[in-house]
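Labels below follow one simple rule: chain letters A, B, ... track the order of the sequence lines, proteins then strands, and each chain is numbered from 1.
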Amino acid sequence: MPELPEVQTVLTTLKPRILGVRIEGVEVFLEKIIKSPGPKEFVALIKERSITGLARRGKYLLLELDASYLLAIHLRMTGQLVYSRSDKPRDRHTHLVFYLSDGAELRFQDMRQFGTMNLMLLGQLDLFCSQKGLGPDALDPALTRELFKQRIGDRRGQIKPLLLDQSLVAGIGNIYANEILWRARIHPERPVSSLTPGELAKLYQAMRQVLTEAVEHRGTTLRDYVDGDGNPGDFQSLLAVHGREGEPCPQCGQKIARMKTGGRSSFVCTRCQE
DNA sequence: CAGGTAGCCTGTTAGC
DNA sequence: TGCTAACAGGCTACCT
């Protein structure tokens with residue numbers, strides 16, 4: 001569920017609430033979400049640390065803690081990280097709670113239990129990213145058009161699975177891959193080797209535009225996604241093709257088709273995209 | 001190496 | 001209406 005714009009919105013909504021706040025303690029109800037270190041060590045290391053910064057890389061939300069610790073949180077499909085008053089009833093899928101020094105709670109809830117947390121030293125982040133094969137963030141200013149064209153253009157295979165490959169560009173998921181390809185007028189199954197330099201440039205521009213607009217609209221809520229305050233996004237009404245099989249293409253009016261690309265649903269206007 | 005599938009889970013929806 | 005199968009925004013491991 002949460003792709004780059006959603007994780008960014010979680011970050012911006014949580015920031016004023018938890019920046020500078022101390023974590024008094026942690027309660028873990030589902031240990032398997034903690035990937036490193038072990039659950040006991042995780043709890044002991046987190047306790048009494050202040051949250052000194054928030055960052056994002058691709059779909060990872062990074063909480064910087066004092067004494068140079070860093071907590072990398074991945075929400076996967078249905079994970080939610082919500083700041084909440086402690087007297088509010090908990091969601092039934094609450095797997096972990098941070099007890100904060102202001103008396104509130106930061107809750108991790110995840111219906112499908114796919115989300116993960118990794119606690120590490122700040123200095124281990126680069127190693128973590130390289131182990132995970134995490135490429136440059138899709139909105140990173142350092143990811144120039146030329147660099148993008150080089151990273152994507154040098155590969156083989158269909159374009160859409162490559163857009164979803166976090167090691168090439170980090171942050172794009174299925175929704176935005178479909179939207180980006182529609183905006184760039186490129187069919188998801190086009191072999192990358194057949195894309196012209198002009199098409200790759202269009203793809204880069206579409207990627208930056210779609211993701212930026214989605215961030216401005218606080219992300220897409222099709223079902224489960226909520227931000228750090230528990231509120232849904234509002235980009236879903238602006239989706240051109242994703243989830244719109246049978247509806248008219250906003251550009252040409254032809255019915256939007258649905259197909260499978262690399263095992264994932266693609267939504268395509270076969271007149272506009274080729 | 002490209003491409004496909006199963007698996008991790010729970011919940012919702014499409015179709016019979 | 002009631003049941004079952006397919007599917008859902010991610011990612012990894014493993015297979016061909």
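- Atom CZ in R92(A) sits about 8 Å away from atom C1' in dT10(B), given to the nearest Å.
- Between L61(A) atom CG and dG9(C) atom P there is a gap of 22 Å when expressed in whole angstrom units.
- Applying the 5.5 angstrom centroid cut-off and the 30 degree plane-angle cut-off, the aromatic ring of Y225(A) is not stacked upon the base of dG9(C).
- Among the nucleotides dT10(B), dT12(B), dC11(C), the one closest to any side-chain atom of Q113(A) is dT10(B).
- Going from atom OG of S36(A) over to atom CE of M120(A) covers 6.0 Å, rounded to the nearest 0.5 Å.
- In this structure, a donor-acceptor pair under 3.5 Å is absent between the side chains of Q158(A) and E189(A).
- An OP1 or OP2 oxygen of dT5(B) is reached within less than 4.0 angstrom by no side-chain nitrogen or oxygen of R264(A).
- Side chain to side chain, T94(A) and R107(A) fail the donor-acceptor criterion of an N or O pair below 3.5 Å.
- Each of V26(A), L14(A), V97(A), V82(A) was compared with L106(A) under the side-chain contact (heavy atoms from CB on, under 4.5 Å) criterion, and only L14(A) meets it.
- DNA chain B is contacted by R156(A), G157(A), Q158(A) of residues 154-173 of chain A, taking any non-hydrogen atom closer than 4.0 Å.
- Distance, K132(A) NZ to dA13(C) P: 8 Å, rounded to whole Å.
- Residue G263(A) is the one, among H74(A) and G263(A), whose nearest nucleotide of DNA chain C lies closer to the 5' end (criterion: closest heavy atom).
- The distance between atom CD of Q131(A) and atom C1' of dC11(C), rounded to the nearest whole Å, is 16 Å.
- One P atom belongs to dG11(B), the other to dT1(C), and the distance between them is 23 Å to the nearest Å.
- Proximity note for D224(A) (side chain, C-beta onward) versus dT12(C), dG9(C), dA8(C): the nearest is dG9(C).
- To the nearest whole angstrom, the two P atoms, one in dA6(B) and one in dA5(C), are 15 Å apart.
- For DNA chain C, the stems formed by at least three consecutive Watson-Crick or G-U pairs, with both atom-pair distances below 3.5 Å, span B:2-8 with C:10-16, B:10-16 with C:2-8.
- A sub-4.0 Å separation between OP1 or OP2 of dA8(C) and a side-chain N or O of S265(A) is present.
- A close approach under 4.0 Å does not occur between any side-chain nitrogen or oxygen of H93(A) and OP1 or OP2 of dC9(B).
- Rounded to whole Å, the P atom of dA14(B) lies 14 Å from the corresponding atom of dG9(C).
- A donor-acceptor pair under 3.5 Å links the side-chain atoms of E3(A) to the main chain of I175(A), judged by distance alone.
- The backbone N or O of G153(A) lies less than 3.5 Å from no partner atom in the side chain of R151(A), so there is not a single donor-acceptor pair.
- Contact check, K32(A) against dC9(B): a side-chain N or O comes under 4.0 Å of OP1 or OP2.
- One atom, CD of Q109(A), and another, P of dG9(C), lie 21 Å apart when rounded to the nearest Å.
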Pairs of donor and acceptor atoms involving the side chains of residues 138-147 of chain A, under 3.5 Å and at least two apart or interchain, shall be tabulated with distances.
| residue | atom | partner | partner atom | Å |
| --- | --- | --- | --- | --- |
| D140(A) | OD1 | A142(A) | N | 2.8 |
| T144(A) | OG1 | L147(A) | N | 3.2 |

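- Ring planes of F148(A) and Y204(A): tilted class, angle from 30 to 60°.
- Set against dA8(C), dC8(B), dG9(C), the side chain of F114(A) has dC8(B) as its closest nucleotide.
- Ring geometry for Y60(A) against H74(A) counts as perpendicular: the plane angle is over 60°, on a 0 to 90° scale with 30° as the lower cut.
- The gap from the P atom of dC7(C) to that of dG4(B) amounts to 16 Å, rounded to the nearest Å.
- Taking 4.0 angstrom as the limit, K59(A) places a side-chain polar atom (N or O) nearer than this to OP1 or OP2 of dG10(C).
- If you take CD1 of I33(A) and C1' of dC8(B), they are 14 Å apart, rounded to a whole angstrom.
- In this structure, R76(A) contributes its side chain and D110(A) its backbone to no donor-acceptor pair below 3.5 Å.
- Note: CD (Q80(A)) to P (dC9(B)) measures 19 Å, nearest angstrom.
- Annotation: side chain of E245(A) is not in contact with side chain of K255(A) (no heavy-atom distance under 4.5 Å).
- One can place CZ of F235(A) at 16 Å from P of dG9(C), the figure rounded to the nearest angstrom.
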